[in-house]
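Input: a single structure, listed below in structure tokens.
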Amino acid sequence: MGAYPGAWLRRRPLAAFFLLTFVISWAAWSAVFLVPMPRLGRLVLNQAGLAGPLLASLIVVGTMRGRRGVGRFLGRIFQWRVGIQWVLF
């Protein structure tokens, strides 16, 4: 492994994405069950677990392509390619 985690991430971005997704999601979901907290806290952590793949992809893209890459990635996510009638259907 390199001197810093980013070196490994740059060599193996797909493996890093899956590993980060697993760690982020399960860390949040484990806290939901293991830490006593109010209902709102459980809801927030559950949503954070569901956002694990998005957060992992932002980390990987940010490491590989920098801020400009993250901006392009988010732009592609929110680009509409179909009419609104298909979204509402």
Can you list everything that forms a side-chain contact (heavy atoms from CB on, under 4.5 Å) with Arg12? Sequence neighbours excluded, please. Trp8, Ala15

Could you list the donor-acceptor pairs under 3.5 angstrom formed by side chains in residues 53-65, with sequence neighbours left out?
residue : atom : partner : partner atom : Å
Ser57   : OG   : Pro53   : O            : 3.3
Ser57   : OG   : Leu54   : O            : 2.7
Thr63   : OG1  : Ile59   : O            : 2.9

Student check: side-chain heavy atoms of Arg72 and Arg67 closer than 4.5 Å: no

For Met37 and Gly41, which heavy atoms make the closest approach, and how far apart are they? SD-C, 3.4 Å

By side-chain contact (heavy atoms from CB on, under 4.5 Å) - contacts of Val32 (at least two apart): Arg42, Leu45

Using atom types as modelled, flag every donor-acceptor pair under 3.5 Å from a side chain in residues 19-28 to any protein atom, sequence neighbours excluded.
residue : atom : partner : partner atom : Å
Thr21   : OG1  : Phe17   : O            : 2.8
Ser25   : OG   : Thr21   : O            : 3.1
Ser25   : OG   : Gly49   : O            : 2.8

Scan residues 43-56 for pairs that pass side chain to side chain donor-acceptor pair (under 3.5 Å), counting only residues two or more places apart or in two chains. Trp29-Asn46

Once side-chain contact (heavy atoms from CB on, under 4.5 Å) is applied, do any residues pair with Arg39, and if so which ones, sequence neighbours excluded? none

Pairwise distance CZ(Phe18) to CG(Leu14) - rounded to 0.5 angstrom: 5.0 Å

